[in-house]
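Quick note on labels: first sequence line is chain A, next is B, and so on, each numbered from 1.
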Amino acid sequence: MEVTETWYLVLSALLFSIGLVGLLVRRNPLIMFMCVELMLNSVNISFVAFSGALDDIAGRTAVFFVLVVAAAEVVVGLSLVVALMRRRPTLTADDLTALKG
Amino acid sequence: MIDLVVFLISGAIVLGGALGVILATHPVRAALSLIASFFGVAVLFVIQEAHFLALVQVVVYAGAIVVLFLFVIMLLGVDSTEDLSIEPLAGQRGLAIGIGAVTLLLILGGLFLSGPGGDDGAVALTGQPSRTRALDLPIDADGRPGGDVDLLADDLFSRNLLAVQATALLLTIATVGAVVLVRNRGAEDLVVDEPGTASG
């Protein structure tokens, strides 16, 4: 049985949905960032699958840029978490209802 | 056949790791599940001949990003488990799972119900096929496809040169932003007890 790109796209859809549910359910900002990473990874899977199916290098180039943006996002997000934890003893997203410090 | 076996095993690792992330009560366990999921994705890249991307996936994602997560978890205290049985907002969880299921059905519907893909849309919009550069992986002496790093570098530094430079700017801004955000504002008030100026 041949593994076609449809298999990869179904796996990517499943991974994206799991990440989305986790992002909506969990309240710890660290875990929410991890779920965003899962969603970015699912997009990477489908980029590489399309790159192979359409015989085009552009999909793999896009994965490269997604990776860089994910790294930048994690750096800024985690520094936000550290800055917030200095002011509040507990860390849940529900407490952060105002932009005031 | 071997592709199918590898795909099923690594796909199970990817999805199991993802479920581990969203079901773990302890942030460290979630981070370790995330590593498992990233390694599964790297294996999926390898069986699609994307060797360089698999390497970068392991080094950057499973290495740098997850270590950064673990570092912050350790910095903020590792004892902060979350009791998942409490649902603070009534109906939040059901609604979230519903939204996730609808998203999954929409994606799968678009995947299986849409017509065969092709360049028709791109031709209608731009007048030319969307093909940018063919993915002709080099064949080495043993008849196996070689690495994709040459093709990737060629595409990155010719067609996407401006985007690469924008990426450099983005990373610089992110680094400066992180430094500004975690800077200790109380540092100005700190009295530094330098040797030599100490009185008494």
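Note: L68(B) CG to F33(A) CZ = 11.0 Å, rounded to the nearest 0.5 Å. Note that CZ of F64(A) and CG of D155(B) are 11.5 Å apart. Values are rounded to the nearest 0.5 Å. Here I45(A) contributes atom CD1 and S10(B) contributes atom OG; the two are 8.5 Å apart, rounded to the nearest 0.5 Å. One distance of note links CD1 of I57(A) with CZ of R159(B); it measures 9.5 Å at 0.5 Å rounding. Remark: N44(A) CG to F45(B) CZ distance equals 5.0 Å, nearest 0.5 Å. If you take CG on N41(A) and CG on L34(B), they are separated by 7.5 Å, rounding to the nearest 0.5 Å.
Linking ILVMFWY residues whenever their side-chain heavy atoms come closer than 4.5 Å, directly or via other members, leaves V3(A) and I9(B) in distinct clusters. Both V43(B) and V60(B) belong to a common hydrophobic cluster when Ile, Leu, Val, Met, Phe, Trp and Tyr are linked at side-chain heavy-atom distances under 4.5 angstrom. A chain of hydrophobic side-chain contacts below 4.5 Å, direct or via other Ile, Leu, Val, Met, Phe, Trp or Tyr residues, connects L161(B) to L152(B). The cluster map of Ile, Leu, Val, Met, Phe, Trp and Tyr, joined by side-chain heavy atoms under 4.5 Å apart, puts L111(B) and Y8(A) in the same cluster. In this structure, I99(B) is a member of the same hydrophobic cluster as L15(A), with clusters built from ILVMFWY side-chain heavy atoms closer than 4.5 Å.
With a 4.5 angstrom heavy-atom cutoff, L20(A) touches chain B only via side-chain atoms. In this structure, the portions of A49(A) lying under 4.5 Å from any heavy atom of chain B include both its backbone and its side chain. Residue A31(B) touches chain A through both its backbone and its side chain, counting heavy-atom pairs closer than 4.5 Å. At a 4.5 Å heavy-atom cutoff, A101(B) makes no contact with chain A through either its backbone or its side chain. Residue contact with chain A, scored on non-hydrogen atoms closer than 4.5 Å, involves the side chain of F112(B) exclusively.
Considering only heavy-atom pairs separated by less than 4.5 Å from chain B, the leading option among V69(A), L9(A), L38(A), I31(A) is L38(A). Top candidate by heavy-atom pairs under 4.5 Å with chain B, chosen from L23(A), L67(A), V63(A), is L67(A). In terms of non-hydrogen atom pairs under 4.5 Å with chain B, the most contact-rich of V82(A), V76(A), L78(A) is L78(A). The greatest number of non-hydrogen atom pairs below 4.5 Å with chain A, out of L8(B), V41(B), D3(B), is found for V41(B). Considering only heavy-atom pairs separated by less than 4.5 Å from chain A, the leading option among V66(B), L53(B), T175(B) is L53(B). Of the listed residues (L170(B), L156(B), I107(B), V56(B)), the one with the most heavy-atom contacts under 4.5 Å to chain A is L156(B).
Under the 4.5 angstrom side-chain criterion for Ile, Leu, Val, Met, Phe, Trp and Tyr, V67(B) has no cluster partners at all.
Here the shortest heavy-atom pairing between R26(A) and A24(B) reads NH1-O, 2.8 Å. Heavy atoms only, all atoms of each residue included: A96(B) and V21(A) are closest at O-CG2, 3.8 Å. For the residue pair N28(A) and P27(B), the shortest heavy atom distance occurs at ND2-CG, 3.9 Å. Closest approach of E49(B) to R60(A), counting heavy atoms only: O-NH1, 3.4 Å. Heavy atoms only, all atoms of each residue included: S79(A) and L181(B) are closest at OG-CD1, 3.4 Å.
Distance alone, capped at 3.5 Å, is enough to place a donor-acceptor pair between the Q92(B) side chain and the L24(A) backbone.
For F50(A), the CZ atom counts as loosely surrounded, since its 6.0 Å shell holds 12 or fewer non-hydrogen atoms of other residues, nucleotides or ligands.
Of the candidates I22(B), L104(B), L23(B), V21(B), I22(B) is the only one forming a side-chain contact (heavy atoms from CB on, under 4.5 Å) with I18(A).
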Q: For side chain to side chain contact (heavy atoms under 4.5 Å, CB included), just list the numbers for L44(B) and W7(A), CA-CA rounded to whole Å, side-chain angles, deciding distance to a tenth of an Å, and then say yes or no.
A: CA-CA 11 Å; L44(B) 289 178; W7(A) 294 57; over 6 Å; no
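Interface with chain A: from residues 11-18 of chain B, residues G11(B), V14(B), L15(B), A18(B) qualify, criterion being any non-hydrogen pair under 4.5 Å.
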